[in-house]
A.B. asks: 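One structure, as structure tokens, below. Some questions next.
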Amino acid sequence: MRDVLFMGSVLASATHEMQNIIAIIKESGALAEDIIAMNGLPRMKHGEKIPQALAAIREQVDRGRRIMRMLNAFAHAASDFPEVCDLARYTAQVGVLAARAVLIKGCSLTSAPHSGTLPVKANALLLMQLLYLAVLDVLAAAGKGDNIVLSVRAAQDSSPDSGTPDARACVALRASTVLPLCSQGLTSLAKELGADCLAEPGAIILVFPLPEVAEGVRP
Amino acid sequence: MKALLFGLSVLLIDDEEDFAHTLAGRLELRGMRVLVASSGEEGLARLATESFDQVLLDMRMPGLSGAETLRQLRSGYPDLPVIVVSGHSSQADYDMVQALGLQGYLAKPVDFEELLAALAKSTGRIGQEKGTGQ
């Protein structure tokens, strides 16, 4: 645990610095765009390439910003211990952080939009680890060009014992052409978190019980 | 939005001087008067001699921290609106600034349009004028 806290602390500090650096690059490029918008392009050889270069800076800054925000949140997950975690927020974070692994496999990953929070009782770091392992398990079965769709939703099923509705939160990782298997690591971690892990043709689905009181979720 | 914020005086407290001066330049292009202070101490000293409509405050700074600067701002200038602009976003920081009462909390790198909207809302200038969006 001490190692995790140390790593989280160093990573949080470093990502904070990186966000400052990205912010300076972003504002410098944007200031140049503001000035050009007010005064027009400077008349110089190849001056017409300046907007293209500034647009590339803007796009890459946005890309870096998304990754760095998620990485910063990941670092803080090591030291923040909310009683319940917002499954929707952490799923979106893992979707961004897994982008490199997805790219290397020649696949793509799309996070389906979800409005509102889905609180589940879990350690944030273990929850992110579970979600990341699920992405890796789907990738292991995927081929080049497959698109993985990551989505979260609340669901209500009738309990076989009482017949009353059970509130659940589900994360689905779908890629229509794959036949994924839940690895031992994924299965055992899901069990540790009180979640179910299901593999079916075209999908891995993680099912979490919803806590009765959904308090303490950071917006 | 530009017309709404024209003439607004802003104290920007941030030790990242390249960031602060570039952001100040963009706000000044929209008609605002911006003074950059590179520490909490300098910011509080400026406030003792000049008045501002708005403070933009970083959280992680050497010397007087953003949190302590915010406590002193709340104590000495309770009506002065403060928006935190920070690259750091721990649960503890977030809870602390919420408890102290803020007009906004924006993560670096800042979405500029979001910042302009927050400034307009924070200073009560939103809704005073229509059709001036930029």
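Reminder, nothing fancy here: chain letters follow the sequence lines and each chain counts from 1. Note: hydrogens, waters and symmetry copies are ignored here, and every other heavy atom, side chains too, is used.
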A.B. asks: Under 6.0 Å from the CZ atom of B:F52, do we count more than 12 heavy atoms belonging to anything else shown?
C.D. replies: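 It does: B:F52 CZ has more than 12 such atoms within range.
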A.B. asks: Hey, which of A:D62, A:I22, A:I24 is the one that makes side chain to side chain contact (heavy atoms under 4.5 Å, CB included) with B:P109?
C.D. replies: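 Only one of A:D62, A:I22, A:I24 forms a side chain to side chain contact (heavy atoms under 4.5 Å, CB included) with B:P109, namely A:I22.
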A.B. asks: Could you list which of residues 10-21 of chain B have a heavy atom closer than 4.5 Å to any heavy atom of chain A, in residue-number order?
C.D. replies: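 The list, in residue order, reads B:E16, B:D18, B:F19.
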A.B. asks: Is it true that atom CD of A:Q52 has more than 12 heavy atoms of other residues, nucleotides or ligands lying nearer than 6.0 Å?
C.D. replies: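 Open.
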A.B. asks: Judged by atom type as modelled, is there a donor-acceptor pair below 3.5 Å linking the side chain of B:R60 to the main-chain atoms of A:H16?
C.D. replies: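 No, because the side chain of B:R60 does not come within donor-acceptor range (under 3.5 Å) of the backbone of A:H16.
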A.B. asks: Quick check on A:A75 against chain B: is it the side chain, the backbone, both or neither that has a heavy atom closer than 4.5 Å?
C.D. replies: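 Interface part for A:A75: neither.
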A.B. asks: So, for A:D34 and B:R26, which heavy atoms are closest and what is the spacing to 0.1 Å?
C.D. replies: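 Taking every non-hydrogen atom into account, OD2-NE, 2.8 Å.
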A.B. asks: Quick check: closest heavy atoms across B:D111 and A:R65, and the distance to 0.1 Å?
C.D. replies: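 Closest pair (atom of B:D111, atom of A:R65, distance): N-NH1, 3.7 Å.
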A.B. asks: Between B:F112 and A:K26, which heavy-atom pair has the shortest distance, and what is it?
C.D. replies: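 Here B:F112 and A:K26 meet closest at N-NZ, 4.0 Å.
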A.B. asks: Ignoring hydrogens, what is the shortest heavy-atom contact between B:A107 and A:R69? Give both atom names and the distance.
C.D. replies: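 Smallest interatomic distance, heavy atoms only, reads O-NH2, 2.9 Å.
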A.B. asks: Could you check whether atom CZ of B:R74 has more than 12 heavy atoms from other residues, nucleotides or ligands sitting under 6.0 Å from it?
C.D. replies: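 Above 12, so yes.
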